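Predicted model, so just to flag it, every value in this text is computed and none were measured.
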Amino acid sequence: SLAKRHKFWETQPVGQFKDVGDPSLPEGPIEPPTPLSEVKQEPYNLPNLYEWITCDMNSEDMCTEVYNLLTNNYVEDDENMFRFNYSKEFLRWALHPPGYFKSWHIGVRVKSSKKLVAFITGVPARIRARDAVVNMAEINFLCVHKKLRSKRLAPVMIKEVTRRVHLENIWQAAYTAGVVLPTPISTCQYWHRSLNPKKLIDVGFSRLGARMTMSRTIKLYKLPDSTATPGFRKMEPHDVPAVTRLLRNYLSQFLVAPDFDEDDVEHWLLPRDDVVDSYLVESPETHETTDFVSFYTLPSSILGNQNYSTLKAAYSYYNVSTKTPLLQLMNDTLIVTKRKDYDVFNALDVMQNESFLKELKFGPGDGKLHYYLYNYRINHVLRPSELGLVLL
Ligand SMILES: CCCCCCCCCCCCCC(=O)CSCCNC(=O)CCNC(=O)[C@H](O)C(C)(C)COP(=O)(O)OP(=O)(O)OC[C@H]1O[C@@H](n2cnc3c(N)ncnc32)[C@H](O)[C@@H]1OP(=O)(O)O
Ligand SMILES: CN(C)Cc1n[nH]c2ccc(-c3ccc(F)cc3OCCn3ccnc3)cc12
């Protein structure tokens, strides 16, 4: 658009605002791969006071340093009332999928004090765009310490992770952000379902509805104590083949989606306490796996409230309904998260989530989540319902 200059992003192989709607530009990679011998062998220059560090997230000390940097400097909501508080266990899970590269877990330290002041990560992922399965890097956890903002450090972080991804012969990436950059392939809306309305109102996450009392509000969001679907149970290791089949078939309908194999499903979807939960419906008659739901645990720090410090939030991950109505499946998921003491259940309007949001009493969030591909053009802006990808 005429207004905003993107001095860095205008130099990158991404869809440019000026190119939107130009049908002459072919879909697919924007730039061809570079011969590995021509990829820059040495790291990009940092300002003199700083040095690169590769972060071994299996090191308790390193993981704690990363956790502390993110806890104090990562994404806040638009009103700066909440900040994501990814746990250490969550970070180790998110950064150690099958085939991960430690070199893609990149930190910046102050040379003198050794203080970690910036971070960016990539993990390998096979992503299908229309009919093409592409080896990509999923980029996440970009963070610059609050005291070092607006010094153009982010472009250097991005160029460095790009260089290290190139060294592994990968030329595309996927990422999401709450900010508009050149150029979203899709823009999604997030929704929240209150589970603990009293706390949400106390901390300012929600407001008491007009003509609503607190007791009326608590009643409005009340859920049964037990789930309704016969055969609804936690996923177990022996379920990996069946869940993989179910999920692959389901995701094939979306224009952009992960190309999960059994190793991916084992890593991303087997339950891990306080990190990721998954449930399936095994037909009591046929013992066939007919449905699947999953959510991940991402608390937010509550900034500046006397009574509470943490908001316990569950985020909808991948859901498949082939026999049980999705509405009933998701209601059972709300029942489970309420029973496990979550304060709120969040969901994007991706995949078929739109079909249950209003009926299950989700309210719209105050922002959007934009999806991006790096060095890959798709000439059609995807509707959220055409998107089958959830990034952490
Ligand atoms: C083939 C492989 C390719 C791999 C790489 C693929 C690409 C991966 C891309 C990364 C994906 C990450 C995904 C992810 O992690 C999920 S989105 C969450 C990002 N993190 C946060 O919001 C945490 C709090 N904020 C910060 O730490 C800083 O504000 C950050 C570090 C965000 C920017 O630091 P800063 O001190 O505020 O700003 P400067 O250093 O002065 O730099 C300004 C430039 O940075 C551009 N910017 C700002 N926010 C961005 C964002 N979220 N993505 C991409 N670019 C972003 C901005 O447009 C401008 O460029 P322009 O002048 O052209 O407009
Ligand atoms: C996806 N992953 C890359 C983290 C990430 N980065 N930027 C973001 C902007 C919005 C959401 C988001 C996604 C789904 C959702 F239901 C609510 C969300 O944000 C609420 C606002 N908020 C921000 C912090 N605390 C509360 C995630 C992200």
Side-chain angles (χ1 to χ4, degrees), residues 90 93-94 188 190-195 221 223-254 257-258 260 262 264-284 286-298 312-362 384-385 387-392:
F90 190 108
W93 169 66
C188 305
Y190 41 80
W191 294 70
H192 312 291
R193 207 286 184 183
S194 294
L195 300 171
Y221 292 113
L223 289 159
D225 291 335
S226 46
T227 54
T229 308
F232 186 86
R233 63 168 173 82
K234 276 185 85 76
M235 181 183 179
E236 297 166 15
H238 78 273
D239 296 310
V240 166
V243 168
T244 305
R245 278 192 298 276
L246 197 69
L247 195 51
R248 287 185 65 84
N249 184 46
Y250 180 75
L251 291 173
S252 65
Q253 71 186 288
F254 303 110
F260 283 141
E262 289 189 6
D264 301 316
V265 169
E266 181 177 15
H267 178 80
W268 291 120
L269 295 168
L270 270 182
R272 293 174 188 234
D273 290 346
D274 294 324
V275 170
V276 59
D277 283 84
S278 51
Y279 296 82
L280 53 79
V281 178
E282 177 182 345
S283 159
T286 68
H287 293 289
E288 187 202 357
T289 301
T290 56
D291 312 282
F292 175 81
V293 289
S294 58
F295 57 87
Y296 58 87
T297 297
L298 168 52
K312 190 174 177 186
Y315 287 73
S316 183
Y317 201 27
Y318 291 98
N319 309 309
V320 183
S321 136
T322 68
K323 192 167 137 295
T324 311
L326 187 57
L327 196 76
Q328 180 183 319
L329 213 51
M330 294 312 295
N331 199 57
D332 279 348
T333 307
L334 292 176
I335 290 164
V336 163
T337 53
K338 171 65 182 173
R339 207 165 47 202
K340 293 161 74 89
D341 233 8
Y342 286 83
D343 298 318
V344 64
F345 186 93
N346 294 324
L348 292 162
D349 58 358
V350 297
M351 294 180 271
Q352 295 173 310
N353 291 354
E354 174 102 55
S355 68
F356 61 77
L357 291 168
K358 288 194 176 108
E359 196 153 354
L360 292 184
K361 298 173 186 159
F362 284 74
S385 58
L387 198 46
L389 179 65
V390 176
L391 299 187
L392 303 171

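A donor-acceptor contact shorter than 3.5 Å links the side chain of T322 to the backbone of T290. Judged purely by atom type and a 3.5 angstrom limit, W191 has no side-chain atom pairing as donor or acceptor with the backbone of K361. Side-chain N or O atoms of S283 include none that pairs as donor or acceptor with a backbone N or O of E288 at under 3.5 Å. Side chain of D332 to backbone of F232: no donor-acceptor contact under 3.5 angstrom is found. Proximity of a side-chain donor or acceptor of E359 to a complementary backbone N or O of F356 within less than 3.5 Å is not detected. Remark: the backbone N or O of L329 is not paired with any side-chain donor or acceptor of Y279 at under 3.5 angstrom. A distance-only check finds a donor-acceptor pair linking the side chain of R193 to the backbone of L360 [under 3.5 Å].
Contacts of E282 classified as salt bridge (Lys or Arg N to Asp or Glu O under 4.0 Å), with partners at least two apart in sequence or in another chain: R233. In this structure K340 satisfies the salt bridge (Lys or Arg N to Asp or Glu O under 4.0 Å) test together with D277, sequence neighbours excluded.
Heavy-atom minimum distance, P258 versus L389: CD-CD1, 3.9 Å. When all heavy atoms of Q328 and T324 are compared, the closest pair comes out as NE2-CG2, 3.7 Å. Taking every heavy atom of both residues into account, S316 and N353 meet most closely at OG-ND2, 4.2 Å. The two residues W93 and R272 come nearest to each other via the heavy atoms CD1-NE, 3.2 Å. In terms of heavy-atom proximity, F295 sits nearest to A314 at CD1-CB, 3.7 Å. A pairwise comparison of heavy atoms in V293 and M330 identifies CG1-SD, 3.9 Å as the closest pair.
A perpendicular orientation is assigned to the rings of Y296 and Y317, their planes being inclined by more than 60° (bins at 30° and 60°).
Within a 6.0 Å radius of NZ in K358, other residues, nucleotides and ligands contribute 12 heavy atoms or fewer.
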### Message
Would N331 and L223 count as a side-chain contact (heavy atoms from CB on, under 4.5 Å) here? Give the steps.
### Response
CA-CA 9 Å; N331 199 57; L223 289 159; 3.8 Å; yes

### Message
For Y318 and F260: C-alpha separation, side-chain torsions, deciding distance, then whether ring-ring contact (aromatic ring centres under 6.0 Å, His included) applies.
### Response
CA-CA 11 Å; Y318 291 98; F260 283 141; 5.4 Å; yes

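Separation of atoms CG (L247) and OH (Y250) is listed at 9.5 Å; rounding is to 0.5 Å. In this structure, T227 OG1 and L334 CG are separated by 12.0 Å, a value rounded to the nearest 0.5 Å. Taken from OG in S294 to CG in L280, the straight-line distance is 11.0 Å, to the nearest 0.5 Å. Going from atom CG of D239 over to atom OG1 of T244 covers 10.0 Å, rounded to the nearest 0.5 Å.
Contact of the R339 side chain with the D225 side chain is not registered, since no non-hydrogen atoms from C-beta on lie closer than 4.5 Å. Side-chain contact between L392 and W268: present, with at least one pair of heavy atoms (C-beta onward) separated by less than 4.5 Å. Under the 4.5 Å side-chain criterion, counting only non-hydrogen atoms from C-beta, L269 is in contact with F292. In this structure, the side chains of P271 and M235 come closer than 4.5 Å at one or more pairs of heavy atoms.
Y342 and T297 form a side-chain donor-acceptor contact under 3.5 Å, judged by distance and modelled atom types alone.
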If you look only at distance, which donor and acceptor atoms sit under 3.5 Å apart when one is on a side chain in residues 343-351 and the other is two or more places apart or in another chain?
residue	atom	partner	partner atom	Å
D343	OD1	N196	ND2	3.2
D343	OD2	K199	NZ	2.7
D343	OD2	K312	N	2.8
N346	OD1	H192	ND1	2.5
N346	ND2	Y315	OH	3.3
D349	OD1	Q189	N	3.1
D349	OD2	Q189	N	3.4

